[in-house]
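Note sheet for the following structure.
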Amino acid sequence: MNKKFLSTGKIAGSEKGALLLSVIVIIVVFAVLGTAILSITSTSTFTQVYGNHATKAYYMAESGFRYATMNIMTISIGGDDCLKCHSSHGKETLRYSAGYGRLPDDTIKVHEKRYNDKDLLDGGSFEVALAPFWFKAGKDSLTGTQLTVFAVKHSTGAPQCDFPEAFTDGTITGGGLYIGDKYVQYSAVVVSGDGTLIFTVVNPDDISLPEEEGVLIDVFPACEATGPTVSEDGKFLINVTGELYAFPDTKSVIEIHSTDVDSNPVTHLVTYENVENVDANNGQLTGLGDVDALDPVVADLDVKAGDIVTLSKTLKITSTGRYPDTDPDVNPDAAKKTLKYYRWVGKPMTVPIVYNTAKPYKDKLLAGGNFHWVEYENDNRGHNIFQDNGDDKLDKAPGTMVFTYGPCVGCHANLHLSAKSPGFPELDGRSGCKVCHFDPHPSDWYRFVSIKHWDTEEPRGAEGIEHEKWNYEATPSSHNEYLGTKHNIGWGLVDLGNTTTAYCTGCHGAFHNKQKDDDGKWTHHPSDWTIPNSGEFADAFGAGGSGIGTYDSNVSVARTSLAGGVSSKVTLDSDMVMCLSCHHAHGSPYDDSLRWDTNSRDSSTNKCLTCHTQKTLALHHSESTDCRSCHTMHDGKAGLLKP
């Protein structure tokens with residue numbers, strides 16, 4: 001029994017040791033697994049945190065891009081104040097829109113400045129760098145063959161933007177520039193120590209720089225086309241070596257500077273998708289399209305040998321976002337993201353200037369004239385739209401119609417006042433420009449002139465043909481055209497249709513409604529009457545008895561139909577005198593907003609003589625006598641003589 005016991009006891013002791021060993025192994029395994037799980041959990045948690053930081057860094061970088069472009073797109077846009085866009089401190093009455101052709105100061109100031117946003121994103125930041133693909137040159141930029149240019153600057157002179165890498169990393173060794181209207185080749189370009197580029201130009205005599213200190217001109221990367229190079233599949237073969245390195249390899253816009261059949265300069269704006277084969281003789285742009293419609297380039301786009309191709313004003317915006325606002329090499333939890341964008345600065349649209357603080361050039365006024373003379377010289381020289389400077393002479397429109405229920409002064413009173421009229425509720429609260437330009441941007445009506453009058457069911461307005469630059473430097477063959485009507489008795493949109501005269505008579509109806517007295521004598525200057533082909537009028541507009549004269553944009557006429565388009569002719573016994581034949585709608589240098597000086601004895605200046613060809617002032621006794629010394633045009637007696 002003892003042996004058996006002893007034997008059994010030995011077996012039991014062995015089992016206990018094995019069990020202990022198993023427990024130890026299990027404990028070790030679980031310890032290892034626990035450590036592994038802890039490591040996996042920690043790694044996963046860290047990865048998730050870093051991923052969140054990377055996402056926020058990305059959005060910070062995108063915010064930087066939006067912040068920079070916001071200033072480009074919103075410059076000079078001023079809500080309901082029309083004059084914020086249509087006024088100038090200079091003398092010109094036409095300019096490129098403020099968003100095109102330059103970088104606003106507020107945009108340039110963001111260059112290489114770090115913006116921290118702790119309140120919104122717990123310490124994220126973005127930093128923006130700008131590199132415009134055009135340069136500036138001034139009076140002293142050319143020394144021998146060395147042309148020194150700089151990137152667009154802030155108005156105070158700093159900070160200065162970057163240059164595109166192609167001009168600073170040695171990629172470009174030669175190419176072309178477009179300065180003024182000249183294509184200039186260069187054989188080398190280097191970066192100087194003072195933040196400028198120096199081009200070694202081949203033909204320096206072709207460069208014309210400003211003569212005044214502080215005046216700057218634009219310098220564009222350019223190529224010269226060698227012939228008809230637009231293919232049917234929307235590719236543009238430039239046929240140059242290397243010059244396309246200066247064009248971004250991304251969607252952008254080019255300008256093709258060419259001439260029409262009459263050798264007049266013309267510019268085509270074309271988009272492209274990317275640049276290909278810039279290191280070969282057949283450098284090309286692909287994916288060409290129309291800027292406005294984004295359709296493929298039309299087949300009749302004619303690119304001739306010698307046409308100059310420039311990159312339109314394009315801005316490279318590099319935005320770097322950080323989250324948190326620390327560098328990743330210092331803080332391993334920090335993330336950084338850099339985004340690169342190419343922004344076309346804007347479409348080259350022209351903006352009409354209707355108000356200048358400086359006295360504008362008289363020979364460069366637009367069709368409506370200019371409010372300058374109303375504001376700074378005489379209330380009598382146009383419509384007073386200025387709320388801070390009411391008309392000192394008039395409390396209602398001259399020629400206001402009077403009816404049994406009273407004069408129409410509720411809405412047609414002094415334009416600087418807010419309108420209030422029970423008959424015309426659409427005008428309530430309106431003043432200034434928007435009394436006449438009722439529905440601007442956009443409008444189906446000519447010059448945004450429209451209104452829903454109390455006696456019309458649908459909105460009515462003026463019809464016309466718009467000159468490309470609002471009669472700026474108009475010619476007999478290129479000018480505004482106005483619709484007229486031979487209904488020369490009546491007033492307003494119902495009687496006179498969609499004519500400019502109809503709109504004028506909304507306020508000045510008495511000047512039009514009855515233009516002759518009971519004996520058939522003129523008491524008001526004719527408006528909406530055809531110019532007769534008889535008497536002294538047979539030679540009007542230089543017709544010389546032929547019945548056909550030459551259009552003069554300083555003496556606009558109205559047509560009974562606009563179906564014929566713009567015409568360089570004035571047809572007597574058909575075309576008509578109207579309000580705008582003698583007046584500017586906005587303002588002019590002369591009393592009563594007249595288009596010309598009635599005191600002049602020169603028929604090229606005093607346009608009264610354009611129609612009244614036999615009424616020469618040389619017949620009068622006094623040198624100071626003018627037409628209005630004896631005549632009043634709208635409220636006289638027979639013969640338009642003063643009472």
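All residue numbers refer to positions in the sequence shown, counting from 1.
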Ring pair (Phe, Tyr, Trp, His ring centres under 6.0 Å) between Tyr186 and Phe199: does it pass, once the steps are laid out?
CA-CA 6 Å; Tyr186 62 91; Phe199 292 94; 4.7 Å; yes
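- Using a 4.0 Å cut-off between charged nitrogen and carboxylate oxygen, Glu62 and Lys337 do not count as a salt-bridge pair.
- Phe135 pairs in a ring-ring contact (aromatic ring centres under 6.0 Å, His included) with only one of the listed residues (Phe220, Phe167, Phe150), which is Phe167.
- No hydrogens or angles considered: a donor-acceptor pair under 3.5 Å links the side chains of Asn274 and Thr286.
- A donor and an acceptor atom, one from each side chain of Asn370 and Asn356, are located under 3.5 Å apart.
- Minimum heavy-atom separation, Ser567 to Arg559: O-NH2, 3.2 Å.
- Remark: the backbone N or O of Val184 is not paired with any side-chain donor or acceptor of Asp206 at under 3.5 angstrom.
- Under the side-chain contact (heavy atoms from CB on, under 4.5 Å) rule, His111 has a single partner from Ile317, Val152, Asp162, which is Asp162.
- Between Glu211 and Lys139 there is no salt bridge, since no side-chain N of the basic residue sits under 4.0 Å from a carboxylate O of the acidic one.
- Considering CG of Asn480 and NZ of Lys469, their distance stands at 14.0 Å, rounded to 0.5 Å.
- Taking the ring-ring contact (aromatic ring centres under 6.0 Å, His included) definition, one finds that Tyr361 meets it with nothing, sequence neighbours left out.
- For Tyr178, the ring-ring contact (aromatic ring centres under 6.0 Å, His included) criterion is met by His257, not counting sequence neighbours.
- Between the side chain of Thr196 and the main chain of Ser192, no donor-acceptor pair closer than 3.5 Å is present.
- A side chain to side chain donor-acceptor pair (under 3.5 Å) with Ser125 is found for one member of Asp325, Thr326, Asn116 and no other, namely Asp325.
- Defined by atom type and a distance below 3.5 Å, a donor-acceptor pair is missing between the side-chain atoms of Ser252 and Trp344.
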As a quick check of understanding, evaluate side-chain contact (heavy atoms from CB on, under 4.5 Å) for Leu130 and Val110, giving each step before the final call.
CA-CA 8 Å; Leu130 307 176; Val110 308; 4.2 Å; yes
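- Side-chain N/O atoms of Thr200 and Ser187 include no donor and acceptor closer than 3.5 Å.
- Between Glu466 and Arg447 there is a salt bridge, since at least one side-chain N of the basic residue sits less than 4.0 Å from a carboxylate O of the acidic one.
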Apply side-chain contact (heavy atoms from CB on, under 4.5 Å) to Lys569 and Thr550, showing your working.
CA-CA 5 Å; Lys569 300 177 180 179; Thr550 302; over 6 Å; no
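- The backbone N or O of His586 sits nowhere less than 3.5 Å from a side-chain atom of His584 that would complete a donor-acceptor pair.
- Salt-bridge formation is detected for the pair Lys364/Glu92: a Lys NZ or Arg NE/NH1/NH2 atom is positioned less than 4.0 Å from an Asp or Glu carboxylate oxygen.
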